[in-house]
Amino acid sequence: MMRAWILPILLVLCGLVAATGLVSGGDPAPAAVLLLVFVLLAGVNSPLVFPKSIGALEAQQRSTVDGRPVVFWRPGCTYCLRLRIRLGRDARRLYWVNIWRDPAGAAAVRKANDGDETVPTVIVDGHPYTNPDPAWVREQISPSA
């Protein structure tokens with residue numbers, strides 16, 4: 001759990017250090033802007049921008065029942081973030097598994113990617129797709145889901 005927050009915490013701390021330097025130099029306005037940028041970067045790289053993660057086994061069971069894709073991801077992954085942002089609200093219609101929090105999810109990703117933990121890995125109808133195009137993933141979401 002803590003590993004997912006290391007990058008966001010470091011970004012906020014770096015922003016605080018940089019902003020403190022600007023404030024001590026007499027520039028409070030640029031310091032506020034710089035701190036805001038670092039806080040936004042921390043937010044984007046935190047687990048908060050992703051829908052609630054569930055376990056891999058539960059996600060695969062649910063996917064078998066309703067046909068929704070399963071997305072294996074990890075915090076700090078720019079490709080996962082790209083997929084999440086490009087899916088927009090449709091992202092909530094998928095099952096998201098954080099491989100840093102779920103060992104079974106990490107094992108499923110390694111199995112699908114020849115031993116590598118390459119994410120995002122999307123499972124559709126039991127078939128893995130590594131770093132698929134977000135438009136293609138959106139097409140895989142059934143209209144009734």
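What you see below is based on every heavy atom in this structure, not just the backbone, and it leaves out hydrogens, waters and symmetry mates. These numbers come from a predicted model, not from an experiment.
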Any chance you could measure [X], atom [atom1], to [Y], atom [atom2], to the nearest 0.5 Å?
{"X": "Arg101", "Y": "Ile54", "atom1": "CZ", "atom2": "CD1", "value": "12.5 Å"}
{"X": "Arg82", "Y": "Asn131", "atom1": "CZ", "atom2": "CG", "value": "5.5 Å"}
{"X": "Leu7", "Y": "Leu41", "atom1": "CG", "atom2": "CG", "value": "9.0 Å"}
{"X": "Cys77", "Y": "Ile99", "atom1": "SG", "atom2": "CD1", "value": "8.5 Å"}
{"X": "Asp125", "Y": "Gln140", "atom1": "CG", "atom2": "CD", "value": "7.5 Å"}
{"X": "Asp66", "Y": "Ile141", "atom1": "CG", "atom2": "CD1", "value": "11.0 Å"}

Nearest heavy-atom pair of [X] and [Y]: which atoms, and what distance?
{"X": "Ala42", "Y": "Val12", "result": "CB-CG2, 3.6 Å"}
{"X": "Gly15", "Y": "Leu35", "result": "C-CD1, 3.7 Å"}
{"X": "Val23", "Y": "Ala31", "result": "CG2-CB, 3.5 Å"}
{"X": "Ala112", "Y": "Thr121", "result": "CB-CG2, 4.3 Å"}
{"X": "Gly105", "Y": "Val97", "result": "CA-CG1, 4.1 Å"}
{"X": "Ser24", "Y": "Gly21", "result": "OG-O, 2.9 Å"}

- Message: Checking side-chain polar atoms at under 3.5 Å, does Ser53 have a donor or acceptor matched by the opposite partner on Asp102?
- Response: no

Hydrophobic cluster membership, with links at side-chain heavy-atom distances under 4.5 Å among I/L/V/M/F/W/Y: are [X] and [Y] in one?
{"X": "Phe38", "Y": "Val17", "result": "no"}
{"X": "Leu11", "Y": "Leu16", "result": "no"}
{"X": "Leu34", "Y": "Leu10", "result": "no"}

Are the side chain of [X] and the backbone of [Y] linked by a donor-acceptor contact shorter than 3.5 Å?
{"X": "Arg74", "Y": "Ala106", "result": "no"}
{"X": "Arg110", "Y": "Asp114", "result": "no"}
{"X": "Ser63", "Y": "Ala59", "result": "no"}

- Atom OH of Tyr129 with >12 non-hydrogen neighbours under 6.0 angstrom: yes

- Relative to the ring of Trp73, is the ring of Trp96 parallel (under 30°), tilted (30 to 60°) or perpendicular (over 60°)?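 Rings of Trp96 and Trp73: perpendicular, over 60°.
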
- Task: Supply the members, apart from Leu40, of the Ile/Leu/Val/Met/Phe/Trp/Tyr cluster built from side-chain contacts under 4.5 Å; use none for a lone residue.
- Result: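 Leu36, listed by chain and number.
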
- With sequence neighbours left out, what residues match Asp133 under side-chain hydrogen bond (donor to acceptor under 3.5 Å, both in side chains)? none

State, yes or no, whether a side-chain contact exists between [X] and [Y] at a heavy-atom distance under 4.5 Å.
{"X": "Tyr79", "Y": "Thr130", "result": "no"}
{"X": "Asn113", "Y": "Phe72", "result": "no"}
{"X": "Leu83", "Y": "Val122", "result": "yes"}
{"X": "Arg138", "Y": "Leu87", "result": "yes"}

